[in-house]
Enquirer: 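This is the structure I want to talk about, given as structure tokens.
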Number of protein chains: 2
Amino acid sequence: IVKTDQVVKEYRMGNNVVKALNGVNLEIYQGEYLSLMGPSGSGKSTLFNMIGALDRPTKGSVFIDGQNTSGLTTSQIAWLRCHKIGYIFQSYNLLHVMTALENVTLPMIFAGLSVKERNKKGEELLELVGLDDRIYHLPDELSGGQRQRVAVARALANDPNIVLADEPTANLDMIIGREIITLIKRLNQEKNVTVISATHDLKMLDVSDRIVDIRDGVVERIRNRDEI
Amino acid sequence: IVKTDQVVKEYRMGNNVVKALNGVNLEIYQGEYLSLMGPSGSGKSTLFNMIGALDRPTKGSVFIDGQNTSGLTTSQIAWLRCHKIGYIFQSYNLLHVMTALENVTLPMIFAGLSVKERNKKGEELLELVGLDDRIYHLPDELSGGQRQRVAVARALANDPNIVLADEPTANLDMIIGREIITLIKRLNQEKNVTVISATHDLKMLDVSDRIVDIRDGVVERIRNRDEI
Ligand SMILES: Nc1ncnc2c1ncn2[C@@H]1O[C@H](COP(=O)(O)OP(=O)(O)OP(=O)(O)O)[C@@H](O)[C@H]1O
Ligand SMILES: Nc1ncnc2c1ncn2[C@@H]1O[C@H](COP(=O)(O)OP(=O)(O)OP(=O)(O)O)[C@@H](O)[C@H]1O
Ligand SMILES: [Mg+2]
Ligand SMILES: [Mg+2]
């Protein structure tokens with residue numbers, strides 16, 4: 001369902017070139033739960049920006065459902081991001097002036113849901129991540145782990161087919177972190193959602209079908225769950 | 001060196017009252033390495049805001065070096081935050097328009113260091129956290145874990161006597177996370193720096209003198225390192 005072909009991403013800074021990604025080849029299957037692991041700065045978030053069509057590679061191609069993302073129109077990319085891909089950002093990217101509920105239901109407006117439908121669905125999602133008593137809080141009125149969970153709930157707003165989870169449990173304790181992983185795994189198993197998760201969290205290992213190790217912008221190795 | 005006496009923090013939201021802290025009594029000793037653990041939303045960051053004099057309790061008192069923080073003048077509090085307390089924020093709070101080096105050296109300006117002294121010291125601190133090749137990057141040009149490490153380096157800018165580390169390894173992989181913990185522990189042992197760390201990271205357990213468990217805004221129990 002997702003394929004990257006020799007993806008390179010370079011950032012030019014003055015006379016220097018930072019090679020965030022240096023030739024990444026990956027094929028990710030429909031319904032797979034894939035975890036991407038690697039040191040800080042190894043390229044995980046950059047790769048997610050490529051897969052989520054938030055940024056373009058310097059070289060190489062990204063294919064979603066067989067379509068090259070560089071050939072897509074703006075409205076096709078908008079459709080992808082609204083309906084197909086749910087993105088949990090490493091730094092959450094919540095809107096400061098909107099409540100938890102408003103942040104979660106915002107994508108639903110673009111999907112055409114009514115106010116009643118949005119609020120009902122938004123409350124259910126926040127309840128799923130343990131925030132039913134925080135729905136009217138602004139991000140500044142939430143703890144770090146609570147903001148993270150709002151970001152998780154928002155990513156699921158439009159029932160995406162692919163979830164890009166960038167460090168979804170970084171600010172969560174053992175118990176709540178395990179709950180979030182279980183939630184994501186259930187979507188993966190019950191609704192065949194493809195999950196691509198960048199993480200430092202070893203709790204993610206036992207729910208993953210494959211583990212991809214990345215270092216210095218290249219894939220070092222890929223292991224199946226039984227090899228771990 | 002730090003004492004909280006029946007500290008309560010309530011947030012009023014419409015007709016509701018959120019009790020973020022509900023009577024916290026803690027005594028923390030000079031040179032101690034204390035880890036604060038508890039579920040997401042249990043009050044760790046709020047307690048840090050009280051100890052770091054960034055916010056006032058609704059009830060109760062905070063004492064730093066025997067002085068009640070509510071009795072301090074604005075300039076006394078500014079002095080505390082400049083020279084005595086180094087704060088690693090859970091969401092880093094870096095300035096977007098400044099490079100990593102500028103962010104780290106900013107507190108040094110208030111401590112009266114010259115440009116030359118600041119740049120030398122700032123580069124050394126960034127090297128300590130593994131970012132010597134990222135000193136001119138803006139926060140948006142850094143990975144999540146790199147931003148976290150800039151926040152760590154900045155907290156150490158003025159050789160603080162007390163380090164408040166709010167989830168300092170949340171976005172770091174095992175290896176770099178361990179390096180940061182080792183760095184903080186070395187300060188603790190070699191320079192008698194008091195470390196108060198809020199964390200979900202079990203790697204923090206073996207370097208801590210005591211572990212404080214917090215839940216729903218109250219301290220549930222305190223254990224010594226040999227009891228774990
Ligand atoms: N806009 C940019 N300009 C220059 N360099 C950048 C930019 N964005 C990212 N980088 C660099 O690219 C590398 C990869 O960054 P990326 O955010 O993908 O890492 P990561 O694997 O997600 O790390 P972490 O685990 O810390 O989140 C890093 O070394 C970073 O400094
Ligand atoms: N400004 C505010 N207004 C209302 N409620 C708040 C405010 N700030 C924090 N809270 C609430 O106070 C509680 C404690 O928050 P705090 O940030 O201290 O938790 P934490 O232990 O640091 O959690 P985490 O591990 O997720 O970072 C949370 O339930 C949060 O929703
Ligand atoms: Mg990242
Ligand atoms: Mg917190």
Side-chain angles (χ1 to χ4, degrees), chain A residues 11-16 18 20 37-48 89-92 94 99 129-131 133-149 166-167 169-180 198-203 213-215 217, chain B residues 11-16 18 20 37-48 89-92 94 99 129-131 133-149 166-167 169-180 198-203 213-215 217:
Chain A
Y11 294 105
R12 175 141 278 128
M13 294 189 62
N15 291 326
N16 281 339
V18 174
M37 291 188 154
S40 171
S42 53
K44 304 178 293 298
S45 298
T46 306
L47 183 59
F48 271 34
F89 292 94
Q90 187 169 10
S91 47
Y92 322 151
L94 301 179
T99 64
V129 298
L131 293 178
D133 60 351
R134 291 286 182 272
I135 59 178
Y136 301 119
H137 283 232
L138 297 172
D140 289 340
E141 296 167 338
L142 292 172
S143 79
Q146 289 167 345
R147 286 176 209 153
Q148 182 148 41
R149 287 182 271 158
D166 199 348
E167 317 261 3
T169 59
N171 275 286
L172 302 177
D173 55 280
M174 289 285 138
I175 293 176
I176 295 179
R178 165 87 36 216
E179 281 174 25
I180 295 302
T199 187
H200 299 303
D201 191 347
L202 300 180
K203 297 198 290 297
D213 290 330
I214 184 171
R215 178 181 290 274
Chain B
Y11 293 105
R12 176 141 276 128
M13 295 189 62
N15 290 325
N16 281 340
V18 175
M37 293 186 152
S40 171
S42 53
K44 303 179 293 298
S45 298
T46 306
L47 183 59
F48 271 34
F89 292 93
Q90 188 168 7
S91 45
Y92 322 151
L94 302 178
T99 64
V129 298
L131 292 177
D133 60 350
R134 290 284 181 275
I135 59 179
Y136 301 118
H137 283 233
L138 297 172
D140 290 341
E141 296 166 340
L142 292 172
S143 77
Q146 290 168 342
R147 287 174 209 155
Q148 183 148 42
R149 286 182 273 157
D166 199 348
E167 316 262 3
T169 59
N171 275 286
L172 303 176
D173 55 279
M174 288 286 139
I175 293 176
I176 295 179
R178 165 84 40 212
E179 280 174 27
I180 295 302
T199 187
H200 299 304
D201 191 347
L202 300 180
K203 297 199 288 297
D213 291 329
I214 185 172
R215 179 180 291 274

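Every chain is numbered from 1 and lettered A, B, ... according to where its sequence line falls, protein lines coming before strand lines. Model, not experiment: these values are computed from the prediction.
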Enquirer: Just verifying a value: how many Å separate B/N171 CG and B/Y92 OH, rounded to the nearest 0.5 Å?
Expert: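 Answer for the CG-OH pair, B/N171 versus B/Y92, is 3.5 Å.
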
Enquirer: Looking at B/K44, B/R134, B/Q148, B/H137, which makes the most heavy-atom pairs under 4.5 Å with chain A?
Expert: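 Heavy-atom pair counts peak at B/H137.
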
Enquirer: Check whether A/L202 gets within reach of chain B through its side chain, its backbone, both or neither, counting any heavy atom under 4.5 Å.
Expert: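 Side chain only.
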
Enquirer: Please flag which part of A/S91 lies under 4.5 Å from any non-hydrogen atom of chain B: side chain, backbone, both or neither.
Expert: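 Contact with chain B involves the side chain of A/S91 alone.
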
Enquirer: Pick one of side chain, backbone, both or neither for A/Y136, based on which atoms fall under 4.5 Å of a heavy atom in chain B.
Expert: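 Only the backbone of A/Y136 comes within 4.5 Å of chain B.
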
Enquirer: Given heavy-atom pairs under 4.5 angstrom as the criterion, report whether the side chain, backbone, both or neither of A/Q146 touches chain B.
Expert: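 The answer is both parts of A/Q146.
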
Enquirer: Out of curiosity, A/D133 CG to B/N16 CG, how far, rounded to the nearest 0.5 Å?
Expert: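 Going from CG on A/D133 over to CG on B/N16, the span is 9.5 Å.
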
Enquirer: Atom OG1 in A/T46, atom CD1 in A/I214: separation rounded to 0.5 Å?
Expert: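 Reported to 0.5 Å precision, the distance equals 8.0 Å.
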
Enquirer: Do B/R215 side-chain atoms and B/P39 backbone N/O form a donor-acceptor pair below 3.5 Å?
Expert: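 Absent.
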
Enquirer: Which of the residues A/R149, A/M174, A/M37 is involved in the greatest number of heavy-atom pairs with chain B at under 4.5 angstrom?
Expert: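 It is A/R149.
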
Enquirer: Is the side chain of A/H200 donor-acceptor paired with the backbone N or O of A/E167 at a distance under 3.5 Å, no angle test?
Expert: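 No: the side chain of A/H200 does not pair with the backbone of A/E167.
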
Enquirer: Can you give me the closest heavy-atom contact between A/P139 and A/L94, atom names plus distance?
Expert: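 Closest pair (atom of A/P139, atom of A/L94, distance): CG-CB, 4.0 Å.
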
Enquirer: Report which part of A/S40 has an atom under 4.5 Å of a heavy atom belonging to chain B: side chain, backbone, both, or neither.
Expert: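 For A/S40, heavy atoms of backbone and side chain both lie under 4.5 Å from chain B.
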
Enquirer: If you count heavy-atom pairs under 4.5 Å with chain B, which of A/G43, A/G145, A/A20, A/G130 comes out on top?
Expert: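 Most heavy-atom pairs within the cutoff with chain B belong to A/G145.
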
Enquirer: With a 4.5 angstrom heavy-atom cut-off, could you sort out which part of A/E141 is near chain B: side chain, backbone, both or neither?
Expert: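 Side chain only.
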
Enquirer: Determine, stepwise, if the pair B/I135 / B/T99 fulfils side chain to side chain contact (heavy atoms under 4.5 Å, CB included).
Expert: CA-CA 7 Å; B/I135 59 179; B/T99 64; over 6 Å; no

Enquirer: For chain B, which of A/V18, A/T199, A/T169, A/D173 has the most heavy-atom pairs under 4.5 Å?
Expert: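 Of A/V18, A/T199, A/T169, A/D173, A/D173 has the most heavy-atom pairs under 4.5 Å with chain B.
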
Enquirer: Rounded to the nearest 0.5 Å, what separates atom CG in A/L131 from atom CG in A/L142?
Expert: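 The CG atom of A/L142 is 7.0 Å from CG of A/L131, to the nearest 0.5 Å.
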
Enquirer: With a 4.5 angstrom heavy-atom cut-off, could you sort out which part of A/I176 is near chain B: side chain, backbone, both or neither?
Expert: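 Just its side chain gets close to chain B.
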
